[in-house]
Amino acid sequence: MSRTFFVGGNWKMNGSVEQYRSLIKHLVEAKLDEKAEVVISPPALYLLPSKELVANSPIELSAQNAYFKPSGAFTGEISVAQLKDAGIPWVILGHSERRSIFGESDELIAEKTKAALEAGLKVILCVGETLEQREKNESIDVVIRQLETATKGLSSWDNIVIAYEPVWAIGTGKVATEAQAQEVHAAIREWLGKAVDSQTASSVRIIYGGSVAAKNSRQLAEQKDIDGFLVGGASLKPEFVDIVNSRL
Ligand code: PEP
């Protein structure tokens, strides 16, 4: 089955009013692969005004996080219901920075994933091992365990994109080799086949994240089980366009 190539840009806590406007303008005016799905994730503050800027383009918006309760006394949080209400279709969940800096557990990520899907959002679900876990040969076990917990009881995988993001490769300039990434992606697909069904295994997009740049995206995009990227640092640069166009 052919899966639509997916490229997400995670801006993290970067940018200013001036920068987000010019970044989006650059993207909207660029010649992007029409066959690619492009989703950018500015800081929450800039999501609503970004909507107008992407309105006449195929570019979609994602939040970088959300809370699972619909409303209430949760100072500083934004709910999945509020994202839905504001017309933001995507949310990134389980990013390693949320796990390591803000202490998010697999169980919390599971609650968020369930709530986001029930609210009608689409989820970029991030998993990945640390360097220590990779050195102990535990990469695949860790990633599958994270996935198993985060998706327990899920009734449909239609609105999930899995992002394999080895922690040691995020923001470090140390990109996984094509073989390293492909090996984990293939293992995730195999797990989907066993834990869910073969149709899901062949249709779910599994994207790679971790120091993706224009200079390495083409080789990675050629791998059988790599269906796109989640891009951090390079999504704030003009080269993001080249990454989106990796398959042209
Ligand atoms: C990310 O934040 O999801 C990421 C992959 O970052 P970078 O591309 O900067 O490594």
Side-chain angles (χ1 to χ4, degrees), residues 5-15 19-20 23 26-27 36-47 59-66 88 90-104 106 109 112-113 116 122-131 133-134 139 142-143 146-147 150 160-178 180-182 184-185 188 205-221 223 225-246:
F5 193 64
F6 181 104
V7 182
N10 175 16
W11 295 4
K12 314 195 187 198
M13 197 177 71
N14 292 302
Q19 275 173 317
Y20 92 76
L23 274 167
H26 176 78
L27 261 186
E37 185 167 4
V38 182
V39 177
I40 54 167
S41 190
L45 178 65
Y46 305 134
L47 279 171
I59 298 162
E60 294 179 287
L61 292 171
S62 174
Q64 296 175 13
N65 181 35
I88 307 300
W90 287 90
V91 61
I92 299 173
L93 294 175
H95 192 280
S96 74
E97 286 148 20
R98 297 297 319 169
R99 293 174 189 263
S100 66
I101 304 172
F102 300 101
E104 293 198 6
D106 285 335
I109 294 157
K112 291 182 174 201
T113 304
K122 295 183 267 191
V123 175
I124 301 168
L125 178 61
C126 305
V127 292
E129 82 285 2
T130 62
L131 184 58
Q133 290 164 332
R134 173 155 285 267
S139 307
V142 167
V143 161
Q146 289 173 338
L147 273 175
I160 293 198
V161 168
I162 298 172
Y164 167 56
E165 299 208 297
V167 178
W168 48 271
I170 297 180
T172 58
K174 278 189 218 153
V175 65
T177 63
E178 297 97 82
Q180 283 173 325
Q182 168 57 28
V184 179
H185 285 228
I188 294 173
R205 268 94 51 92
I206 307 172
I207 61 174
Y208 168 80
S211 297
V212 174
K215 63 174 189 283
N216 55 39
S217 65
R218 279 182 186 273
Q219 296 95 297
L220 285 161
Q223 301 303 305
D225 291 295
I226 298 184
D227 304 313
F229 304 112
L230 184 56
V231 186
S235 69
L236 296 159
K237 300 180 187 161
E239 73 180 278
F240 186 63
V241 170
D242 300 321
I243 298 172
V244 170
N245 292 339
S246 296

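The basis for the numbers below is simple: all heavy atoms, side chains too, and nothing from hydrogens, waters or symmetry mates. All ligand and atom numbering here is 1-based and tracks the order in the structure.
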Any N or O of [X] that comes nearer than 3.5 Å to an N or O of ligand 1?
| X | result |
| --- | --- |
| H95 | yes |
| I170 | no |
| E165 | yes |
| V231 | no |

Can any side-chain N or O of S41 pair as donor or acceptor with the backbone N or O of N10 at less than 3.5 Å?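 Not at all, since once roles are kept as given, no pair shorter than 3.5 Å links the two residues.
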Evaluate the criterion salt bridge (charged side-chain N to carboxylate O under 4.0 Å, His left out) for residue pair K215 and E239; output intermediate values, then yes/no. CA-CA 9 Å; K215 63 174 189 283; E239 73 180 278; over 6 Å; no
State the atoms of ligand 1, each with its element, that fall below the 4.0 Å cut-off from a heavy-atom position in [X].
| X | value |
| --- | --- |
| G233 | 7 (P), 8 (O), 9 (O) |
| N10 | 1 (C), 2 (O), 3 (O) |
| L230 | 3 (O), 5 (C) |

Flag for D225-Q182: side-chain donor and acceptor within less than 3.5 Å: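 Yes, a side-chain donor-acceptor pair sits under 3.5 Å.
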Any side-chain donor paired with an acceptor under 3.5 Å for E129 and Y164?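 Result is yes, a qualifying pair exists.
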What do you reckon, does A234 put a non-hydrogen atom under 4.0 Å from ligand 1?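 Under 4.0 Å: no for A234.
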Please work out which of the three classes, parallel, tilted or perpendicular, describes the rings of Y20 and Y46, given edges at 30° and 60°. parallel
Have a look at A163, G171, G8 and point out the one with the heavy atom closest to atom 10 (O) of ligand 1. G171
Least distance between heavy atoms, K174 atom then A169 atom: O-CB, 3.0 Å
